[in-house]
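None of the values given here were measured: they were computed from a predicted structure. Chain letters run A, B, ... following the sequence lines, proteins first, then strands; residues in each count from 1.
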Amino acid sequence: PPNVTGSLHMGHALQHTMMDVLTRYKRMCGYRTLWLPGMDHAGISTQLMVSRELKKENLTRHELGRERFVERVWKWKKESGGQITKQMRREGVSVDWSREKFTMDEDLSRAVREVFVRLYEEGMIYRGNRIVNWCPNDQTVLSDLEVEKIPQAGKLYYLSYPASDGGAGVTVATTRPETMLGDTAVAVNPNDERYQSLIGATVALPLTGREIPVVADEFVDPEFGTGAVKVTPAHDPNDYDMGVRHSLPQLVVIDPHAKMTEAAGADFAGLDRYKARAKVVEKFEELGLLEKVVDYEFSISKCERCKTVIEPLISTQWFLRMDELRDAALQLLARDHKPQFVPEVPYEKVYSNWLENLRDWTISRQLWWGHQIPAWYTPEGEVVVARSEEEARVKAGTEDLTQDPDVLDTWFSSQLWPFSAMGWPEKTKDLETFYPTSVLMTGRDIIFLWVSRMVMMGMKFMGREPFADVFVTGTILDAHGQRMSKTKMNGIDPLEVFDKYGVDATRLKLASVGSTDIRWSDKQVESYRNFANKIWNASRFCLLNCDGAAVDPDSLKSSGQLALHDRWILSRINKTARDVHAALASYQFHEAVQALYHFFWDDFCDWYIELTKADVTAEQAAPHRSAARTRLLSVLEQALRLLHPFMPYITEELWQQLPGVSKQLLHPAYREAEPTIMLTAYPEANQSLIDDAAEWQMQAVIDLITRVRNIRSEMNIKPSEPIPVLIGAPDEKLRKVFSANTNQISRLLRASEISISDQLDAPRASARAVLFGGAEVAVPLAGLIDFAQERQRLQKEKEKLAAEAGKLEAQLGNPQFAERAPTEKVEEVRARIADIAQRTAQLVQSIQNLG
RNA sequence: GCCCGCUUGGCUCAGUGGUAGAGCACUCGCUUCACACGCGAGGGGUCAGUAGUUCGAAUCUACUAGCGGGCACCA
């Protein structure tokens with residue numbers, strides 16, 4: 001579910017397209033499909049958005065109070081939230097709006113409370129006082145995943161701490177001098193010979209008058225800095241751990257607003273952390289205790305949302321223990337290989353590595369917008385966790401309860417989506433029907449945040465994986481290879497692309513993206529827009545020229561007595577259906593798009609329509625004509641079905657216009673529905689119509705036509721000028737193919753006459769070309785031919801063949817090749833050499849004939 | 001620091017152990033009665049580099065370079 005605050009971006013459009021292609025495709029295959037739409041309440045984002053609105057009215061959420069603030073958020077959600085669902089309608093996605101859910105809906109909230117209570121009762125959720133990531137700007141704790149590490153140029157300060165006994169003391173290196181006010185130890189590596197005498201001694205912490213011990217800890221790297229580390233348990237995660245190991249006091253010197261506390265001393269209390277840093281450095285310098293300052297590059301933790309530097313603080317929060325959940329997910333992967341990531345490399349490893357290093361998850365947030373934690377406190381401070389306040393009162397035996405003010409991390413509810421959105425914990429029909437789901441489409445950025453957590457929760461509460469496959473889409477970059485982002489202002493608005501090129505064209509482009517990153521280019525969408533236009537025009541031709549005929553799927557069921565081009569198009573369309581099925585089965589969207597594009601444009605438009613035109617547009621009504629019209633309409637109808645999952649708008653529009661469309665065309669599963677291409681059967685490949693002979697024969701015809709057109713072009717013969725075409729074909733089968741298709745060949749070549757014989761007998765002044773299968777073609781050009789030019793053209797052709805023959809002969813000449821390569825491969829090379837030899841001989845003859 | 005991905009014609013990208021593909025761009029020709037968002041014909045690549053495995057490598061392996069990701073508690 002996208003964020004309620006979000007609006008459609010290219011990443012959504014990409015995922016939605018692929019999801020919708022699969023949904024529509026599977027539906028047309030007769031499956032009961034469900035794409036359940038919804039929105040996420042997006043805790044922090046939404047709260048910030050509404051807070052900004054309040055600011056315009058010179059109000060803060062605190063002035064408004066929690067209850068009225070939350071009301072205000074709901075009002076905002078009703079009035080301006082969920083832009084994205086309107087935009088999804090524009091995308092043409094076939095989601096089930098009747099099941100739309102919002103993560104704060106009552107039923108989903110109930111699922112959240114149920115999960116919380118159960119996990120608490122099992123001891124997996126606990127409340128604890130630990131060091132956490134705190135955002136001083138948003139005033140909330142954050143999980144590790146909401147913190148980003150950003151490399152930054154900084155300074156490393158070397159601070160000297162004199163020994164308590166007046167000895168040499170020790171120098172520590174730090175990037176955060178202000179935290180020294182909270183130091184409660186100095187640590188050295190136990191094996192570091194330099195510091196053996198100091199271990200167990202104390203040093204005098206400057207500016208504070210405190211004495212702190214020197215402890216030995218393996219964590220300390222003797223190579224880094226001075227080999228001695230200041231230990232600030234209250235303000236650094238590592239120091240926190242060391243503090244626990246050595247039972248050091250946790251002295252809090254920085255508060256939640258990132259200001260120094262009273263404990264930092266009178267000189268510093270109330271100062272901002274950075275001002276305090278400057279002051280500490282200044283004082284050390286005055287005291288002669290600042291040994292040096294060096295430039296140092298390190299990573300700093302920032303709030304992913306507001307980019308404020310995170311302050312590690314000790315705080316009481318709610319945590320979810322991850323070990324058991326993690327183990328279940330890892331076991332699912334090891335034993336059942338689920339989920340199946342596509343592409344498997346690198347995502348499966350990324351996912352499992354992350355799980356293996358998983359630590360407890362901080363689930364509470366100091367926000368008002370979200371699921372309030374279902375925990376109540378008695379006046380004595382006793383905690384009661386319950387599904388409702390009533391239940392809590394019963395459990396606590398008192399009505400004097402205060403609910404924990406915190407809410408849960410947004411992802412706590414979204415991780416339940418695969419089952420909470422279908423009614424869990426009730427045992428609903430939807431759950432029974434649709435859980436586990438088949439496939440999740442997602443960007444790689446939320447594999448940890450969302451995907452892994454859904455797996456863990458699915459295993460925990462449903463006992464099964466939430467989805468079988470996870471398809472990870474690529475990222476759409478801008479034209480310069482940069483990630484699109486709001487701050488860079490380099491994002492492309494999908495809606496503008498829709499306006500400019502149409503939704504279908506945009507979808508086709510997006511579907512062909514696959515799972516690698518690509519740079520956005522309007523040019524590619526434009527070419528698919530042209531494709532949509534081609535579909536439109538081809539359909540227009542069919543509709544304008546097929547009076548009296550109607551779509552009839554039976555007309556495509558056998559190819560018995562049909563002409564070559566008819567047998568050929570049936571073979572092509574069935575092969576295309578086969579290829580598209582295979583491609584989609586393995587999420588090869590790009591291949592599916594290519595297969596459809598080339599079938600429709602090259603095979604159907606460029607050849608089939610042209611070849612059948614004569615029959616279809618014949619003046620006289622005849623059975624032959626109506627059969628041709630029926631076939632043309634029926635092939636078009638099948639093609640539209642094949643294209644439909646990718647291009648829903650244009651295919652539906654055209655399909656509805658076709659004569660003869662009716663309930664009869666619907667998939668048996670939807671027989672009673674109103675006619676719509678959405679519920680027709682996706683064409684299955686009919687193996688018996690895949691006709692290699694027809695494809696080979698058609699290839700011969702195409703080869704002939706292309707060669708003669710080439711002669712026309714190279715010889716500068718006007719397209720309107722009729723030309724005689726002489727064909728010589730020693731092979732009888734080939735002669736039959738040409739003579740059976742004389743009309744079509746003649747039409748496409750604008751031939752004045754066509755003669756076919758076993759031996760080419762052409763005047764000297766002819767342009768010639770060698771065809772495959774030993775055939776030749778000549779175009780007599782008395783008075784038009786430039787002998788030198790023609791000789792050059794043939795010579796060029798000969799050179800091409802010679803180059804190819806050279807390579808092949810070298811291969812065959814290698815004795816190891818004949819020995820070790822498979823026989824059919826060797827035979828293939830021999831056959832090709834023979835073919836080239838024959839063509840070359842014919843070319844030589846042609847050149848001689850020119851004189 | 002560790003891990004991973006990418007590098008194919010001018011551009012954006014497919015693809016594959018056995019004759020290099022598409023779209024766009026480019027050149028030439030075309031108001032051919034569906035379409036100039038079109039039709040027809042062309043030109044253009046030693047598939048980043050080096051070494052290896054193999055009868056054969058652009059495809060597999062290793063290393064190198066450039067670019068881009070992800071992960072990590074080095075003060």
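- Within the nucleic acid shown, A/Gln811 comes within 4.0 Å of at least one base atom, counting heavy atoms only.
- Going from atom CZ of A/Phe224 over to atom CG of A/Asn189 covers 14.5 Å, rounded to the nearest 0.5 Å.
- Within the structure, every side-chain polar atom (N or O) of A/Lys613 is placed at least 4.0 Å from both OP1 and OP2 of B/C33.
- A/Gly225 and A/Tyr158 make their closest contact through CA-OH, 3.8 Å (heavy atoms, listed as atom of the first residue, atom of the second, distance).
- Residues from residues 153-161 of chain A that place a heavy atom under 4.0 Å from any atom of RNA chain B: there are none.
- Among the protein residues, A/Lys718 comes within range of no part of the nucleic acid, since none of its heavy atoms lies under 4.0 Å from any strand.
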Enumerate the protein-to-nucleotides 42-46 of chain B contacts in which both atoms are nitrogen or oxygen and the separation is below 3.5 Å.
residue	atom	partner	partner atom	Å
B/G42	OP1	A/Asn710	ND2	2.8
B/G42	O5'	A/Asn710	ND2	3.3

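- B/U64 and B/U46 have their P atoms separated by 26 Å, with the value rounded to a whole Å.
- Within 4.0 Å of A/Leu544, counting heavy atoms only, lies no atom of the nucleic acid at all.
- Between A/Phe600 and A/Phe531, the ring planes are perpendicular. Angles over 60° get that label, and only those under 30° would be called parallel.
- For the pair A/Val701/A/Gln744, no side-chain contact is recorded, criterion being any heavy-atom separation below 4.5 Å from C-beta on.
- Heavy atoms of A/Tyr296 sit under 4.0 angstrom from primed sugar atoms or phosphate atoms, though from no base atom.
- Heavy-atom contacts from other residues, nucleotides or ligands closer than 6.0 Å to CZ of A/Arg359 number 12 or fewer.
- Annotation: B/A58 and B/A51 have their P atoms spaced 12 Å apart (nearest Å).
- For the C1' atoms, the distance linking B/A57 with B/U19 amounts to 15 Å, nearest Å.
- Distance CG (A/Asn716) to C1' (B/U27): 13 Å, rounded to an integer number of Å.
- Counting non-hydrogen atoms under 4.0 angstrom, A/Phe531 reaches nothing in the nucleic acid.
- Taking the side chain as every heavy atom from C-beta outward, A/Arg629 and A/Leu633 never approach each other to under 4.5 Å.
- Between A/Ala818 and A/Thr617, it is A/Thr617 whose nearest contact on RNA chain B lies nearer the 5' terminus.
- Residue A/Pro822 is in base contact, counting any heavy-atom pair closer than 4.0 Å across all strands shown.
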remark   = In B/S/- notation (B base, S sugar-phosphate only, - none; protein heavy atoms under 4.0 Å), nucleotides 61-71 of chain B written 5' to 3' is ----------S

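- Just one of A/Trp361, A/Phe448, A/Trp450 meets the side-chain contact (heavy atoms from CB on, under 4.5 Å) condition when paired with A/Leu145; it is A/Phe448.
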Report all interatomic pairs (protein N or O, nucleotide N or O of nucleotides 23-25 of chain B) with separations under 3.5 Å.
residue	atom	partner	partner atom	Å
B/G23	O2'	A/Ser527	OG	3.0

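- Note: CG (A/Leu636) to C1' (B/C35) measures 14 Å, nearest angstrom.
- Counting any heavy atom pair closer than 4.0 Å across all strands shown, A/Arg529 reaches a base atom.
- If you take NE2 of A/His235 and P of B/A75, they are 18 Å apart, rounded to a whole angstrom.
- Remark: side-chain polar atoms of A/Asn357 are paired, donor with acceptor, to backbone N or O of A/Asn353 under 3.5 angstrom.
- B/G21 and B/C47: their C1' atoms are spaced 11 Å apart (whole Å).
- Base contact: A/Glu804 has a heavy atom under 4.0 Å from a base atom.
- Between A/Asp606 and A/Gln588, the residue whose closest nucleotide on RNA chain B is further toward the 5' end is A/Gln588.
- In this structure, A/Trp607 and A/Leu748 have side chains that are in contact, with non-hydrogen atoms separated by less than 4.5 Å.
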request  = Would you check, one step at a time, whether the test side-chain hydrogen bond (donor to acceptor under 3.5 Å, both in side chains) holds for A/Ser160 with A/Thr171?
outcome  = CA-CA 4 Å; A/Ser160 297; A/Thr171 299; 3.2 Å; yes

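- Look at CH2 on A/Trp536: it is 17 Å from P on B/G38, rounded to the nearest Å.
- Annotation: side chain of A/Arg444 is in contact with side chain of A/Asp517 (closest heavy-atom distance under 4.5 Å).
- Between the side chain of A/Thr612 and the backbone N or O of A/Tyr608 there is no donor-acceptor pair closer than 3.5 Å.
- Here the P atom of nucleotide B/A14 and the CG atom of A/Leu508 are 15 Å apart, to the nearest Å.
- Taking atom C1' in both B/U53 and B/A62, one finds a spacing of 11 Å when rounded to whole Å.
- The shortest side-chain heavy-atom distance between A/Val231 and A/Pro233 falls under the 4.5 Å cut-off.
- Rounded to whole Å, the separation between the P atoms of B/C6 and B/G44 comes to 30 Å.
- Counting any heavy atom pair closer than 4.0 Å across all strands shown, A/Val220 reaches a base atom.
- The phosphate of B/G17 has neither OP1 nor OP2 within less than 4.0 Å of any side-chain N or O from A/Lys825.
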Tabulate atom names and distances for all N/O pairs under 3.5 angstrom spanning the protein and nucleotides 5-9 of chain B.
none

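- Between A/Phe341 and A/Tyr347, the two ring planes are tilted [angle within 30° to 60°].
- Aromatic rings of A/Tyr649 and A/Phe498 (six-membered ring for Trp) have centroids beyond the 6.0 Å cut-off, not under it.
- Atom CD of A/Gln792 sits in a sparse spot, with 12 or fewer heavy atoms from other residues, nucleotides or ligands closer than 6.0 Å.
- Comparing the same atom, P, in B/A14 and in B/U8 gives a spacing of 11 Å after rounding to whole Å.
- Side-chain contact of A/Ser527 with A/Gln524: a donor-acceptor pair under 3.5 Å is absent, judged by distance alone.
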ask   = Which dot-bracket notation, 5' to 3', represents the base pairing of RNA chain B when pairs are defined as Watson-Crick or G-U with both distances under 3.5 Å, crossing pairs as [ ], and inter-strand pairs as |?
value = (((((((..((((....[..)))).(((((.......))))).....(((((..]....))))))))))))....

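- A straight line from CG of A/Leu355 to C1' of B/A72 spans 17 Å, rounded to a whole angstrom.
- Atom-to-atom, CZ of A/Arg750 to C1' of B/C33 comes out at 11 Å; the value is rounded to the nearest Å.
- Residue A/Arg832 is in base contact, counting any heavy-atom pair closer than 4.0 Å across all strands shown.
- Using a 4.0 Å heavy-atom cutoff across all strands shown, A/Cys605 reaches at least one base atom of the nucleic acid.
- With a 4.5 Å cut-off on side-chain heavy atoms, A/Tyr195 and A/Val214 do not count as touching.
- Spacing between B/U59 and B/U31 at atom C1', rounded to whole Å, works out to 47 Å.
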query = Taking it one step at a time, do A/Trp601 and A/Asp603 satisfy side-chain hydrogen bond (donor to acceptor under 3.5 Å, both in side chains)?
reply = CA-CA 6 Å; A/Trp601 200 315; A/Asp603 298 341; over 6 Å; no

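- Atom CG in A/Asn533 sits about 10 Å away from atom P in B/C39, given to the nearest Å.
- In this structure, the side chains of A/Phe589 and A/Phe471 come closer than 4.5 Å at one or more pairs of heavy atoms.
- Between A/Leu640 and A/Ile535 the shortest side-chain heavy-atom distance falls below 4.5 Å.
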